[in-house]
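Structure first, then comments.
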Amino acid sequence: MSNYRIKIQYDGSRYRGWQRQQGEKNTIQGRIEQVLSKQMEFPVTIDGAGRTDAGVHAKEQVANFRLNTEKTTQQLQDALNEYLPEDIRILKVEEAGERFHSRLNVVKKTYVYRIWNADYPNVFERKYMLHDNRPMDVEAMRQAAQ
């Protein structure tokens, strides 16, 4: 059985977070597992490097799953991207070492919080940043970020 590492990009605006939940089908993990399981014709579970809350996005979240298949990594990636909704993309599928686990082998995580500090919201990026027109104490924010 091979171990596969995938890099995922998603806009979490319409999802209930990363993690599969009892009775909730609209999660990122749940959607990927659903497509992968249908393609393989048996249940496949994936493990993510971390969880995101409802409405949170990811540029390169890592996950892994184990599978016996004759399909190449490119065929797996193509099949996933063909049937996943357009707001979830598999950027890469590659074979990983037997002991690799996306959550246990995390090297780093980077979080980005964006604030649009103006009198009016940014129409094009409103889903991806907080609008707050109050004066900002940038030095206090730098110190807090440390």
List the atom pairs, with distances to 0.1 Å, where a side-chain N or O of residues 41-48 and a protein N or O form a donor-acceptor pair under 3.5 Å, not counting sequence neighbours.
none

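Put simply, CG on Leu91 and CD1 on Ile6 are 9.5 Å apart, with the number rounded to the nearest 0.5 Å. Interatomic distance, Gln34 CD to Leu84 CG, rounded to the nearest 0.5 Å: 9.0 Å. To the nearest 0.5 Å, the span separating CE on Met136 from CD on Glu139 amounts to 15.5 Å. The line from OG1 of Thr52 to CZ of Arg16 is 12.0 Å long, rounded to the nearest 0.5 Å. With values rounded to the nearest 0.5 angstrom, Ile90 atom CD1 is found 10.0 Å from Gln9 atom CD.
Under a hydrophobic clustering in which Ile, Leu, Val, Met, Phe, Trp and Tyr are joined whenever their side-chain heavy atoms come within less than 4.5 Å, directly or via other members, Val62 and Ile88 fall into different clusters. Hydrophobic clustering of Ile, Leu, Val, Met, Phe, Trp and Tyr side chains at less than 4.5 Å, counting indirect connections, keeps Val56 apart from Leu130.
For Lys92, the salt bridge (Lys or Arg N to Asp or Glu O under 4.0 Å) test picks out Glu94, with sequence neighbours left out. Applying the side chain to side chain donor-acceptor pair (under 3.5 Å) rule to Gln19 yields the partners Arg51; only residues at least two apart in sequence or on another chain are considered. In this structure Arg20 satisfies the side chain to side chain donor-acceptor pair (under 3.5 Å) test together with Glu33, sequence neighbours excluded. Not a single salt bridge (Lys or Arg N to Asp or Glu O under 4.0 Å) links Asp53 to another residue, sequence neighbours left out. Not counting sequence neighbours, Arg31 has no partner by the salt bridge (Lys or Arg N to Asp or Glu O under 4.0 Å) test. Residues passing the side chain to side chain donor-acceptor pair (under 3.5 Å) test with Asn133, sequence neighbours excluded: none. With sequence neighbours excluded, no residue satisfies side chain to side chain donor-acceptor pair (under 3.5 Å) with Arg99.
Legend: side chain to side chain donor-acceptor pair (under 3.5 Å) pairs involving residues 56-67, not counting sequence neighbours, sorted by first then second residue: Asn3-Asn64, Tyr10-Gln61, Asp11-His57, Asn64-Ser102, Arg66-Glu98. Counting only residues at least two apart or in different chains, side chain to side chain donor-acceptor pair (under 3.5 Å) contacts with residues 105-122 comprise Arg114-Glu125. Applying the side chain to side chain donor-acceptor pair (under 3.5 Å) test to pairs two or more places apart or on separate chains, those with a residue in residues 76-91 are Arg14-Asp87, Tyr15-Asp87, Gln74-Asp78, Asn81-Arg89.
Counting non-hydrogen atoms of other residues, nucleotides and ligands closer than 6.0 Å to NZ of Lys38 gives a total of 12 or fewer.
Through direct or relayed side-chain contacts under 4.5 Å between Ile, Leu, Val, Met, Phe, Trp and Tyr, Val107 connects to no other residue.
Among all heavy-atom pairs drawn from Lys71 and Thr69, the shortest one is N-OG1, 3.0 Å. Taking all atoms of both residues into account, the shortest heavy-atom contact from Gly50 to Trp18 is O-CD1, 3.6 Å.
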